[in-house]
Amino acid sequence: MKIFSYIFKVFALILVGTFFACREDLPSEMDTSDKFTVINAIRIVNAGEDGDEILEGTINENAKEIAFPRIDPNTDFSRLRFEAETSDGARLEQNVYAVEFAEGVYQKDIIIKVINAPRVREYFVKLEQKVPPIGAEFATYSTFDFSGNPLGAPLYTEFTGDLTRGSSFDGEHVLIVSRATVPHLLKVSDLRNNVVNKINLNTTGVSGGGLFNWHSGALANGHVYIGNLTGGAALKLYYYDAPSSVAQTIMDLPVTSVVGAAVRFGEVMSVNLDENGNGYIYFGDNDNTSTDMLEMIRVTVNNHTVISSPTRVKPTSNRNLRALWKSFNRAGNSNYYLYTNNASPISVVDNAGTVSYTMKSGDGYMDLKAGDPRVIEFNKARYLLVTTIPINGSVPSTVLIYDITPGANVEEALMQFDNADLRNPVFTYGLMGNTNAAPAVQTGFHITKDGEGNDDKLLVYAGGNGQGFAIFEFSKKDFDD
């Protein structure tokens, strides 16, 4: 027993000795009560356009962080003034700070120091301008899903059997163009309620069109365009002024008069028209016997129905010449277009196909099979929308949306995106259909406005052969306080 008592005393002496040894190494602030460097309260005293607003800070002493309410963007940030209540004898190293916000950036962290010689303590101050958040809220959304994803309704039957190669979306309708059935429209208002009610188009006079009388389609400003699939025959384009209209043949073009031996055009169609119905329509060459399938036919469109100037367009790059499932989409109202196919990366081109930038692809970059890319400008933010192409040996389609807001224009935005440390999508959704040998995919979007004409809702569409389709509705970002 005495042995245990002796051991205990020795152990106690060691602990006491260790305590005093460590105590001598502690910061002297622990020993000197009049040298604390603590902020007890802090405020900004010159916020607002007139510099007369006072904002109280919230202090997290454990994290050494200070948060302020959002600040009027008209504040003079070149001389932001702080006042603080501190420990006795302590003071802010400086009271006035020049805070710079980069273009398009509304949050900024600065470090302020409290001095009580010889002690110094740092606090992180979080500042945020009081401006409406930009872009869409992707964390919460509504889905009207008729794809292979089990979370939605059953896959829309028209997309089975490799029969539907064309679809389109304009916010009011979805257009379905199947080889086996009459082209038809579905009202988005019906789909919201999980109701499928086909509005068949009148196909009187839609005939003599080569391999298939109708094969691709698009919606533009409430008008409907249907194209055939050539096979040595002429490339035809039919126009409907409204869903109930009779088709007008607005183009009957012998393709050999434009591009020589190529014969299989109309597998896919990219329609790029402004609100007045002026612009271009592109038809890709999907002749799988050809050794060069980059070429496309471009026609000029005026007032929705006047077709002229058929021209051979061949994007200039060293990409895969055996590429199919092309798309050629204008980025907003700019002079930039995005071109791609199932085997080549996305390129920024002009309307004649001249490449100014080609995106990086592969591990960590954009999927090489990212199809039908579109640029969305919504609530002062910019996004890139793609749907991956489910070619045989690949995987079913995935809908991907990326934030590409930084950059003065589309080309610069994609360059900055490629060079960014992180390139994660802000939205991902699997259509989960089947992979196939004819993996045509389509994307689309529509923006609704509020009573003051500002962006309010963003609707995004994605569909594809064997995949079905889905519509997603996102709200604009708003203040969270």
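Everything numeric in this text was worked out from a predicted model, so none of it was measured.
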**Q** Between Pro373 and Ala370, what is the shortest heavy-atom contact and its length?
**A** CD-O, 4.4 Å
**Q** Compute whether any side-chain donor of one residue and acceptor of the other, for Lys457 and Ser475, lie under 3.5 angstrom apart.
**A** yes
**Q** Go through the steps to decide whether Thr358 and Ser347 satisfy the test side-chain hydrogen bond (donor to acceptor under 3.5 Å, both in side chains), and finish with yes or no.
**A** CA-CA 4 Å; Thr358 296; Ser347 288; 2.8 Å; yes
**Q** Without swapping roles, check the side chain of Ser168 against the backbone of Leu219 for a donor-acceptor pair under 3.5 Å.
**A** yes
**Q** Heavy atoms only: give me the nearest Ile389-Ser394 pair and the separation to one decimal.
**A** O-OG, 4.0 Å
**Q** Is it true that Asp372 and Asn329 share a donor-acceptor pair across their side chains at a distance under 3.5 Å?
**A** yes
**Q** Which atom names give the shortest non-hydrogen contact between Trp325 and Pro439, and what distance separates them?
**A** NE1-CD, 3.2 Å
**Q** Look at atom CG of Asn40 and say whether more than 12 heavy atoms of other residues, nucleotides or ligands are closer to it than 6.0 Å.
**A** yes
**Q** What do you reckon, are the aromatic ring centroids of Tyr383 and Phe138 less than 6.0 Å apart?
**A** yes
**Q** Run the salt bridge (Lys or Arg N to Asp or Glu O under 4.0 Å) test on Arg43 and Glu56 for me, step by step, so that the C-alpha distance in whole Å, both residues' side-chain angles and the decisive distance to 0.1 Å come before the verdict.
**A** CA-CA 4 Å; Arg43 62 193 64 88; Glu56 295 287 343; 3.1 Å; yes
**Q** Any Lys/Arg nitrogen of Glu267 or Arg165 sitting under 4.0 Å from an Asp/Glu carboxylate oxygen of the other?
**A** yes
**Q** Does either side chain, that of Ser327 or that of Ser270, offer a donor lying less than 3.5 Å from an acceptor on the other one?
**A** no
**Q** Taking Thr388's backbone N and O only, do any of them form a donor-acceptor pair with Ser397's side chain (distance below 3.5 Å, no angle check)?
**A** yes
**Q** Using a strict cut-off of less than 4.0 Å between a Lys/Arg side-chain nitrogen and an Asp/Glu carboxylate oxygen, indicate whether Lys476 and Asp450 qualify as a salt bridge.
**A** yes
**Q** Check Ile39 against Ile42 and note the closest heavy-atom contact, atom names and distance.
**A** CG2-CB, 3.9 Å
**Q** For Lys113, look at atom NZ and say whether over 12 heavy atoms of other residues, nucleotides or ligands are found less than 6.0 Å away.
**A** no
**Q** Less than 4.0 Å between a side-chain N and a carboxylate O, is that true for Glu295 and Arg312?
**A** yes
**Q** Examine the side chains of Thr405 and Arg382 and answer whether a donor and an acceptor come within less than 3.5 Å of each other.
**A** no
**Q** Report the C-alpha distance between Arg298 and Asn351 in whole Å, list the side-chain angles of each, state the deciding distance to 0.1 Å, and finish with yes or no for side chain to side chain contact (heavy atoms under 4.5 Å, CB included).
**A** CA-CA 9 Å; Arg298 184 195 71 192; Asn351 60 31; 3.4 Å; yes
**Q** Can you see whether Asp170 engages His446 through a side-chain donor-acceptor pair at a distance of less than 3.5 angstrom?
**A** no
**Q** Tell me if a side-chain donor or acceptor on Asp350 pairs with a main-chain N or O of Val355 at a distance below 3.5 Å.
**A** no
**Q** I'd like to know whether Phe427 forms a ring pair (Phe, Tyr, Trp, His ring centres under 6.0 Å) with Phe472, so could you lay out the CA-CA distance, the side-chain angles of the two residues, the decisive distance to 0.1 Å, and finally the verdict.
**A** CA-CA 10 Å; Phe427 179 75; Phe472 312 95; 5.1 Å; yes
**Q** Run the side chain to side chain contact (heavy atoms under 4.5 Å, CB included) test on Lys108 and Lys126 for me, step by step, so that the C-alpha distance in whole Å, both residues' side-chain angles and the decisive distance to 0.1 Å come before the verdict.
**A** CA-CA 6 Å; Lys108 180 80 172 183; Lys126 296 183 175 297; over 6 Å; no
**Q** Other residues, nucleotides and ligands only: do more than 12 of their heavy atoms fall within 6.0 Å of NZ on Lys360?
**A** yes
**Q** Taking all heavy atoms of Phe445 and all of Ile376, pick out the closest pair and write down the distance.
**A** CD2-CG1, 3.6 Å
**Q** If we only count heavy atoms from C-beta on, is the Tyr357 to Asp418 side-chain gap below 4.5 Å?
**A** yes
**Q** If every non-hydrogen atom of Gly217 is compared with every non-hydrogen atom of Leu175, which pair is closest and at what distance?
**A** C-CD2, 3.7 Å
**Q** Counting only heavy atoms not in Lys477 (residues, nucleotides, ligands), do more than 12 fall under 6.0 Å from its NZ?
**A** no
**Q** Does Tyr365 have Arg423 sitting over its ring (NZ/CZ under 6.0 Å from centre, angle to axis within 45°)?
**A** yes
**Q** Would you say Glu158 and Thr164 are linked by a side-chain donor-acceptor pair, where the criterion is simply a distance under 3.5 Å?
**A** no
**Q** Checking Asp72 side chain against Gly48 main chain: does a donor-acceptor pair fall under 3.5 Å?
**A** no
**Q** Would you please say whether a donor-acceptor pair under 3.5 Å links the side chains of Tyr336 and Ser356?
**A** no
**Q** Once you round to the nearest 0.5 Å, how far does OH of Tyr461 lie from CG of Leu191?
**A** 9.5 Å
**Q** Can you confirm whether the side chains of Asp145 and Thr143 place a donor and an acceptor under 3.5 Å from each other?
**A** no
**Q** Give the intermediate values and the outcome of side-chain hydrogen bond (donor to acceptor under 3.5 Å, both in side chains) for residues Asn149 and Ser147.
**A** CA-CA 5 Å; Asn149 193 310; Ser147 74; 5.3 Å; no
**Q** Is it true that Gln467 and Tyr156 share a donor-acceptor pair across their side chains at a distance under 3.5 Å?
**A** no
**Q** Do Asn436 and Asn465 meet the criterion of a side-chain donor-acceptor pair at a distance under 3.5 Å?
**A** yes
**Q** So does Phe124 have more than 12 non-hydrogen atoms from other groups sitting under 6.0 Å from CZ?
**A** no
